[in-house]
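This report concerns only the one structure given below.
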Amino acid sequence: MRCAPLWTFAAISLLLILGCGKHTPDPTGSRRYYGDTPVPDYQVRLGKQLFEDHCAVCHGDDGGGGGFNSYNLNPAPRDLTDHDFQESLSDDRMADAIRFGGRFRGGSQNMPAWKGTLTSREVDLLVQYIRTLRDDETGGE
Amino acid sequence: MKRWWYAYALLGIATVALLALSPAKSFFSEWRHYQKEYNRRIAELAVRVDPVDPGIKQIWIEEADRIDRCITCHVGFDNPDTEDLPQPFTSHPEVAHDPREYGCTVCHQGQGLATEYVSSIGLVEHWDRPIFPKQYVEAGCGRCHKQEIVPDAPILNRGRKLIEEFNCAACHEIPYAGKSYVVPLDGVGVRMERAQLYRWLLNPRAVTASTEMPDFRFSPEQAIDLTDYLLTFTKLADRSQLPSPPAELAEAVDDYDRVEAGGVTFRKARCISCHQVEGRGGVIGEEIGTAGSHYSMGWLYQYLENPKRLLPGVPMPRYGLSDRRLIDLTAYIVAEQRDWSFNPDELDVPEQRDGFYERGEALWTTYNCAGCHSLSGAPEEGEKGPSLNGIGVKPGYRLETGKRVDLPRDLPDILRAKIAEPRSFFENLRMPQYAFDHEQIDAIVTALLSIGDEDELPEKWTVVPDQPARLEMNGPAGRLFERYSCLTCHSLNGRGGEMAPDLSAIGSQLDPDWIRDYLKIPFSRRPILSERMPNLFLSDAEIDTLLDFVRLNLVSDSIAAVPVVESTPDLVERGRSLFHETYACAGCHQTNGQGGYVGPPLDGAADRLQPSWIRAWLHDPNRWRPGTIEPRPQADKDEIDALTAYLLTLSERK
């Protein structure tokens, strides 16, 4: 009994040390039940929705430039999957091309300006999504 | 005695040492590490960002009685300049509600008071509201926006729509969930052949891939009992017997010319605007590529003659077809729209079994068929599924997962797996198998997670919009709108379908003579669309009634007040240049065979559109047609005058 305080102290210290132990679960990673399908990024998904609503009629669902509206257009809509094209444009320039239309970059007069319709966040989401279309990144899916 | 003194002295020193550890623990804490890292990273940015003073930061939302300390680590959340930094330093995207005012956990869930990562996202014991995984983040919007279409939350909106479309509320109690129309089963005994109904009940999607009816996984015994039970219901909805079809019809089916003529009517009536045939067409009606073998000939004829008599509430219009056209059309469907791959002789249809009626009725009740289908004479109340009230705040460990030992005890994952494969949880669950893809399941789970506690958030934050009063359409025009189901596709004052243009201001938009010609022979101005206005075979008197209604009711006073300036050659020339160069209108609209297909061709715009409408439209297309793809040009007044003047020169009338 004489050493009781010492034992108590040792026990408290042990508990304190144990309390420092940490485990870090991943809130977004593997624990999501998804089968074999990768979890799509939320922002990319929003961008995809915007792309389908506003851009796909000309640029095509896959961004390849073959939307149904493209057949009668001259110049034809841009192939957005093109690696060189994507490299040639910074994010800001691409956002501006969406905002101010094709003429802004000396490109097609057929692409309208979207600045009156899309908010700057929407334009950013679109740029983010268009970047995923680049053929070297997704293997040209 | 002295030895005790030593012990106490030692203990005293140890306690002081322990106390000294406490500030050290704070010094080495996780959040301090993040704040240091933040200060280091902002120093490298091109723009100047104020460093953070060390300490715990918090947002107090008095109304919701919450304190969120998330911003202790998410330090750059309110500074757009930190956009390019990684988490947790990056700025919060622009959203409708300022996080400085609403905090974090109101939308995201998680444990606001916690200052360590793992506890803050709520993945700890005794914290039942972990943070929404990012793909379901829109569930947070639904906690206050309980019913309406929430702007900027497309996934939540889609989920709510799916819940309505697939009638989840037929079996589950779901707050604010709507129900959709499902065909009544009255007269099913004279509508379908025995083999067809049996095959349908075995697996509806195997018969019609696009059907919304789920697969109940009936055994052949169950399916045949239910088939024979349903076949006893032969009376139509108005309690009459199905009249026999004209004798001519059977002959017409074998007559090549008449079948051909029926095919012409089929195309003129634009059946595929609503119905799918071989994978193409609209989605309002069901797939009809095999209707000829799916339904009995007599029933089809009566249905085409007056759809709403046989299926009350069906959105299908009652076409003004002559008797001969009606017979030809039925003959065409019976002869051509068949399931050629199905041979009834090859299907092994079991014999009728004793006691089928009782067992069929029991199946009807057990699987709650009445939840979706009305059928007078059959039990109206079926067995319901569990209520989904508050499902979004149910902790995962309180849900039964049965055989699914592979699942984490985590609500979103359990909901996901349940929707994907309901029967994988327990052998004899009644929930049927749907064919949702991953995106649809994401949307539904988002909508379910949005169902929280009633008292979770301040009541005054709750947004439940008033339902607009139901549009009462009476009198001659109202009867025409009802008969031709105009509001299935078109909308009027916020009510009706979304497929076709809104009619609320159509009288201010279109030229009356043009409307008359169009109603007589509708033609698509956009050949690319498969959903086109059908030829309803209206009589002249009916068109007059509709035009009167349009002229007197469907006008907008604000458009009528828009002045149109006088046209001059200079103005027209300027408009032409704006149209083709500045605003890229030709990218979507054709003129003289040049241009895109997205918008309607504008040859003849002057004959079709009213001048003040053109002006009002160009100012802000989205105001007149929300969600239109046409971008707002942001043209100034002079430019709009010029564009209007140019469009008014595009006439095809001699």
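Chain letters run A, B, ... following the sequence lines, proteins first and then strands; every chain starts at 1. What's counted below: heavy atoms across the whole structure, side chains too, no hydrogens, waters or symmetry copies. Remember, predicted model here, so these are calculated numbers, not experimental data.
- Of the atoms belonging to Asn74(A), not a single heavy atom falls under 4.5 Å from chain B.
- With a 4.5 angstrom heavy-atom cutoff, Asn69(A) touches chain B via backbone and side-chain atoms both.
- By the 4.5 Å heavy-atom criterion applied to side chains, Glu83(B) and Asp124(A) are counted as neighbours.
- Only the side chain of Ser120(A) comes within contact range of chain B, with heavy atoms under 4.5 Å apart.
- Between chain A and the options Gly595(B), Pro154(B), Gly593(B), Ala586(B), heavy-atom pairs under 4.5 Å are most frequent for Gly595(B).
- Heavy atoms of Ile414(B) lying under 4.5 Å from chain A are absent altogether.
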> How far apart are the C-alpha atoms of Glu138(B) and Tyr42(A), what are their side-chain angles, what is the distance that settles it, and do they pass the side chain to side chain contact (heavy atoms under 4.5 Å, CB included) test?
Replying inline: CA-CA 10 Å; Glu138(B) 289 172 11; Tyr42(A) 174 68; 2.6 Å; yes
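- Under a 4.0 Å N-O distance rule, the pair Asp152(B)/Arg121(A) does not qualify as a salt bridge.
- Proximity to chain A is limited to the backbone of Gln594(B), based on heavy atoms less than 4.5 angstrom apart.
- Only the side chain of Leu46(A) comes within less than 4.5 Å of a heavy atom in chain B; its backbone stays farther off.
- Salt bridge annotation for Lys48(A)-Glu439(B): present, with a cationic side-chain nitrogen under 4.0 angstrom from a carboxylate oxygen.
- By the 4.5 Å heavy-atom criterion applied to side chains, Ile629(B) and Asp53(A) are not counted as neighbours.
- Side-chain contact between Lys134(B) and Gln43(A) is present, with heavy atoms from C-beta onward closer than 4.5 Å.
- Residue Cys585(B): no heavy atom, backbone or side chain, is found under 4.5 Å from chain A.
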>> Run the side chain to side chain contact (heavy atoms under 4.5 Å, CB included) test on Asn622(B) and Thr117(A) for me, step by step, so that the C-alpha distance in whole Å, both residues' side-chain angles and the decisive distance to 0.1 Å come before the verdict.
In response: CA-CA 8 Å; Asn622(B) 212 45; Thr117(A) 312; over 6 Å; no
